[in-house]
Amino acid sequence: MSALTPSSPALRFALLALAAFILVPDAASMAAAGELPAVSSRQRAEKKSFTDGEIIEGFLKTAFGAEYHLAGRVDRIRKFDGPVRVFAESDRADRKTQLARVVADIAHRVQHLDIAMIDSNEAANVRVKLVRDRDLYRTLTSFYGAEKAREIRTSLDPQCLSGFRKNDDFEIEHSDVILTVDNGDFTFLDCAYEELLQSLGPINDTASVPWTMFNDNVSMGYFDVYDQYILNLLYDPRIKAGMTVAEVKAVLPAVLKDVRAWVKRVNDLKE
């Protein structure tokens with residue numbers, strides 16, 4: 001996964017959180033993530049108990065910065081400041097159903113995030129384009145131009161990607177996600193969760209945190225507990241778009257206390 005933040009005449013863009021995933025054999029044709037053996041085995045082995053320091057480290061490393069950065073400041077919090085509406089463009093009904101379940105799962109597990117699927121592209125602020133693997137480069141070219149598409153293909157060779165456009169207040173105004181549909185259920189779900197979540201703000205990958213899906217060496221296929229902490233911290237109303245690291249650290253102890261209670265309740269954690 002890489003992140004790119006190129007410039008624009010009108011807006012600064014935090015763009016192209018990209019992922020190159022190891023293909024995992026498609027173990028089942030079921031749509032829900034929990035019905036896939038590859039997901040179930042990971043859930044059984046999942047670490048669910050974290051210290052405050054471990055959670056805060058992952059949050060700061062993913063919510064600030066951008067792994068592949070060209071222009072624009074990345075030292076501020078970036079997030080949506082209002083309802084998030086997701087539109088999926090595809091002729092694959094099965095993948096659209098899976099995507100809708102991913103969006104519903106995120107909505108269920110992030111307390112202060114209003115996110116839902118809609119049927120209108122015009123009213124959406126997150127657009128998900130579902131394409132065949134062989135059409136990915138053509139899609140990249142249509143989105144970003146031939147030169148940038150060649151750069152992406154040569155340096156990163158992604159299977160899926162996401163990016164967002166933010167305003168001068170670091171509020172995300174629009175996100176685009178591109179997912180390939182023909183690489184198996186586990187890979188599709190792994191891409192869908194990671195790219196949708198990164199399109200909400202935590203765009204920076206980190207290899208130093210072993211529990212997050214925002215690590216190139218980690219494949220999940222579901223919304224794990226550690227990343228629920230990250231997204232719930234980001235979308236707490238006390239964490240505002242445009243905040244600096246110092247400003248965030250000042251409110252994190254109180255926010256984390258409430259986030260811990262929520263994540264424990266929504267996941268029925270025993271600790």
Side-chain angles (χ1 to χ4, degrees), residues 3 14 17 46-67 73-85 102-116 125-126 162 164 166-173 175 193-206 208-215 218 220 222-271:
E46 179 185 0
K47 175 179 168 65
K48 298 180 180 180
S49 178
F50 303 96
T51 66
D52 287 356
E54 288 171 337
I55 296 170
I56 290 171
E57 177 189 13
F59 175 71
L60 294 177
K61 285 183 175 179
T62 57
F64 291 95
E67 184 182 12
R73 298 179 64 176
V74 294
D75 59 345
R76 303 297 181 96
I77 287 291
R78 297 148 295 181
K79 61 187 287 188
F80 281 97
D81 186 29
V84 178
R85 295 296 177 259
V102 169
V103 171
D105 189 36
I106 293 171
H108 173 65
R109 298 182 187 280
V110 182
Q111 184 176 17
H112 297 290
L113 174 64
D114 177 3
I115 184 171
N125 49 11
V126 176
S162 63
F164 54 72
K166 57 181 171 44
N167 61 26
D168 290 337
D169 295 322
F170 297 88
E171 298 165 345
I172 299 174
E173 295 185 329
S175 293
Y193 272 108
E194 181 172 4
E195 301 304 336
L196 273 172
L197 292 173
Q198 289 206 302
S199 78
L200 297 173
I203 202 171
N204 194 37
D205 275 355
T206 175
S208 63
V209 180
W211 313 291
T212 177
M213 70 179 73
F214 311 135
N215 180 331
V218 176
M220 294 291 189
Y222 67 100
F223 195 5
D224 58 291
V225 168
Y226 187 81
D227 289 314
Q228 290 178 47
Y229 281 121
I230 290 177
L231 268 295
N232 275 284
L233 286 173
L234 180 61
Y235 275 88
D236 187 278
R238 289 163 286 186
I239 304 291
K240 302 183 184 300
M243 274 187 164
T244 64
V245 172
E247 290 170 334
V248 168
K249 285 183 175 179
V251 299
L252 266 180
V255 175
L256 181 55
K257 180 180 179 181
D258 293 342
V259 165
R260 276 195 177 278
W262 168 260
V263 172
K264 178 180 179 180
R265 182 163 67 252
V266 81
N267 290 281
D268 193 27
L269 299 180
K270 304 303 180 185
E271 59 178 297

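Keep in mind that what you see is a predicted model, and the values were worked out from it rather than measured.
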K264 NZ to K270 NZ distance, which is reported to the nearest 0.5 Å
9.5 Å
Do other residues, nucleotides or ligands put more than 12 heavy atoms under 6.0 Å from K47 NZ?
yes
Scanning both residues in full, the closest heavy-atom pair of K249 with L60 reads CE-CD1, 3.6 Å
Let me see the working for D75 and V245 under side-chain contact (heavy atoms from CB on, under 4.5 Å), right down to the final yes or no.
CA-CA 7 Å; D75 59 345; V245 172; over 6 Å; no
Minimal non-hydrogen separation, E171 against A241, with atom names
CG-CB, 3.8 Å
Roughly how far, to the nearest 0.5 Å, is the CD1 atom of I239 from the CG atom of N232?
11.5 Å
Between Q198 (side chain only) and E195 (backbone N and O only), is there a donor and an acceptor less than 3.5 Å apart?
no
Evaluate the side-chain contact (heavy atoms from CB on, under 4.5 Å) criterion for residues V126 and F164: first the C-alpha distance (whole Å), next the side-chain angles of each, then the deciding distance (0.1 Å), finally the verdict.
CA-CA 9 Å; V126 176; F164 54 72; over 6 Å; no
Would you please say whether a donor-acceptor pair under 3.5 Å links the side chains of D105 and Y193?
yes
Interatomic spacing from CG in L269 to OG in S49 - rounded to 0.5 Å
9.0 Å
Verify whether one side chain among E54 and Y226 offers a donor that lies under 3.5 Å from an acceptor in the other.
no
Can you check salt bridge (Lys or Arg N to Asp or Glu O under 4.0 Å) on D168 and K166, steps first, answer last?
CA-CA 7 Å; D168 290 337; K166 57 181 171 44; over 6 Å; no
Counting C-beta onward and ignoring hydrogens, is there a side-chain heavy-atom pair between L256 and L233 closer than 4.5 Å?
yes
Going by heavy atoms in the side chains, are E173 and N125 under 4.5 Å from each other?
no
Spacing of OG1 belonging to T212 relative to CD belonging to E57, to within rounding of 0.5 Å
11.0 Å
Shortest non-hydrogen contact from I115 to A107?
O-CB, 3.5 Å
Using the test side-chain contact (heavy atoms from CB on, under 4.5 Å), find all partners of D114 that sit at least two apart in sequence or belong to another chain.
P83, R85
Could you list the residues that satisfy ring pair (Phe, Tyr, Trp, His ring centres under 6.0 Å) with F59, not counting sequence neighbours?
none
All heavy atoms of P210 vs all of V218, minimum pair found to be O-CG2, 3.6 Å
Under 4.5 Å between any side-chain heavy atoms of V102 and Y222, yes or no?
no
When you measure from the side chain of K48 to the backbone N and O of V225, does any donor-acceptor pair fall under 3.5 Å?
no
Give the minimum heavy-atom separation between F170 and I77, together with the two atoms involved.
CB-O, 3.4 Å
I need the M213 CE to I230 CD1 distance, nearest 0.5 Å.
8.5 Å
Enter the distance from M220:CE to W211:CH2 here, rounded to the nearest 0.5 Å.
11.0 Å
Can D81 and K240 be counted as an ion pair, charged N to O under 4.0 angstrom?
no
Test item: D224 side-chain N/O and D227 main-chain N/O as donor-acceptor pair under 3.5 Å
yes
Looking at R260 and D52, is any side-chain nitrogen of the basic one under 4.0 Å from a carboxylate oxygen of the acidic one?
yes
Counting C-beta onward and ignoring hydrogens, is there a side-chain heavy-atom pair between Y235 and F80 closer than 4.5 Å?
yes
Using the side-chain contact (heavy atoms from CB on, under 4.5 Å) rule, pick out the option among L197, L113, V263 that qualifies with L231.
L197
Heavy-atom check, side chain of K61 versus side chain of V209, under 4.5 Å:
yes
Taking atom types as modelled, is there a side-chain donor on Q228 or N267 under 3.5 Å from an acceptor on the other?
yes
Compare every heavy atom of S199 with every heavy atom of S175, then report the nearest pair and how far apart it is.
OG-O, 2.8 Å
Is it the case that the side chain of R109 and the backbone of F223 share a donor-acceptor pair, with hydrogens and angles ignored and the cut-off at 3.5 Å?
no
